[in-house]
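Predicted, not measured: the structure shown is a model, and the values here were computed from it. Hydrogens, waters and symmetry mates are skipped; everything else that's a heavy atom, side chains included, is used. In the text below, chain A, chain B and the rest are named by the order of the sequence lines, each starting its count at 1.
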Amino acid sequence: MERLSAVEIWRFLDQTPVGRLAIHDHAADQTQLTPVFFACEGGRVYFATQPGRKLTLLRQFPQGVGVQCDAHSGDAWISVFGWGRFRAVGAGPELGRAAWLLARKYRQRYVQQIGAQALQALRGGPLAVWKTLRGATTGCIDLERIGGRRWSDDEAA
Amino acid sequence: MKLLDMAAARDLLAELEVLRIAVFDAGRQATYALPMAFVLSGRTLHIALPAGGRMAQILPALRQVGLEADDVRPDLRFRSVAGRARPELVLDGAAALAALAIRYGTRWRPKEPQVFALHIIALEGRSTLDSSMK
C-alpha cells in the first residue's frame, strides 16, 4: 500500500465521476453518506444540489464534512478521503467558476442534466420553475485535510 | 428518478461489490468513510477491517454508521443505495471471513481482519436507469 502524493490525489479527483459526502447529524447522532457529482479546484470541492435532507444537514452541521472517492482500475484500488467545512456558494464570480468547473468535467452530460431539471420544472408551471431556481444551490467543501492511498489486489485493503 | 424501497434497495445492494461506511470520528471531529468488501445475509452485512486500523477502533463504540453503495454508468445514470446500520463486533468471524473469501476470491486478502456485523436499520435506493433523465 502506498500513500498518494498531493498531485496524484487532485488528478484522481479530477478524473473520478462520483464522490460521496459523509455528513453527521449531531442532533440525532446519525451519519449519512450521499453520492454527488463534483468538481475540484484549489482545495475546494464544488457540487450542485437541491433542497433536501442533505442540504439541511450540511447547513445545520457544516463542520467536519467528509468527502470520499474510490476506484478500482486494473489490479489497483485507489481511495481518497478528506474533510472540511461546508458553505453555500453565493452569487458572484465563484458561483460562475464552480458552474464552469462542473460543466467542464461532465461536459454535455452536465448540460443534459440541467436541461432535464429545467424541463421538469417547466412542466410543473411557474411555481415549480421559481422553486427550482430558488432552491438550486452550489455547495462547497473547503477541505482542511485530505489523503489517499493505492493498493493492489495482492495486498490487504 | 425512481425511488427504491427497503426490499428493492436490499436486492440492489446484494448486486454491488463495494460498500462504503461512514462514521463520525469524535477524535477528529469529522465524519469519514472507507470503501470495503462485504457480504449480505438477510438484513445483516458482514465486513472485515484491519484490527489495528482506526475504523476498527472506532466502530465498537458507535450506535450506528452510514452505508452507501452505487453503480454509476459512463453516461452518469446511476443506481445507488444508502442507509444506516448498527455495528456489532463479531468475536468468531470465521464464517463471515469464509463468505467474503468465496465472494471476492483472490481480490480480497485481509490483513489481521476483525469481523463486524452491520445490522441494517434503514435502507433506501435511487435509480435513474429507467428514467428519461439520460
Do the side chains of [Y] and [X] get nearer than 4.5 Å, heavy atoms only?
X       : Y       : value
B:Phe78 : A:Val18 : no
A:Trp77 : B:Val18 : yes
B:Arg84 : A:Gln30 : yes
A:Trp83 : B:Asp25 : no
A:Gln32 : B:Thr31 : no

In terms of heavy-atom proximity below 4.5 Å to chain A, should [X] be classed as side chain, backbone, both, or neither?
X        : value
B:Ile121 : neither
B:Leu62  : neither
B:Arg63  : side chain

Please give me the minimum heavy-atom distance between B:Leu76 and A:Phe37, naming the atom from each residue. O-CZ, 3.6 Å

Ignoring hydrogens, what is the shortest heavy-atom contact between B:Asp70 and A:Pro35? Give both atom names and the distance. OD2-CB, 4.0 Å

Under 30°, 30 to 60°, or over 60°: which ring-plane class applies to A:His24 and B:Phe24, parallel, tilted or perpendicular? parallel

Engaged part of [X] at the chain B interface, taking heavy atoms whose separation is under 4.5 Å:
X        : result
A:Asp70  : side chain
A:Ala71  : neither
A:Leu21  : neither
A:Tyr106 : side chain

Checking the side chain of B:Gln29 only, and the main-chain atoms of A:Gly64 only, is there a donor and an acceptor separated by less than 3.5 Å? no

Would you kindly confirm whether B:Val65 and B:Leu13 end up in one hydrophobic cluster when ILVMFWY residues are joined by side chain heavy atoms under 4.5 Å apart? yes

Can you measure from CD (B:Glu68) to CD (A:Gln68) and round to the nearest 0.5 angstrom? 8.0 Å

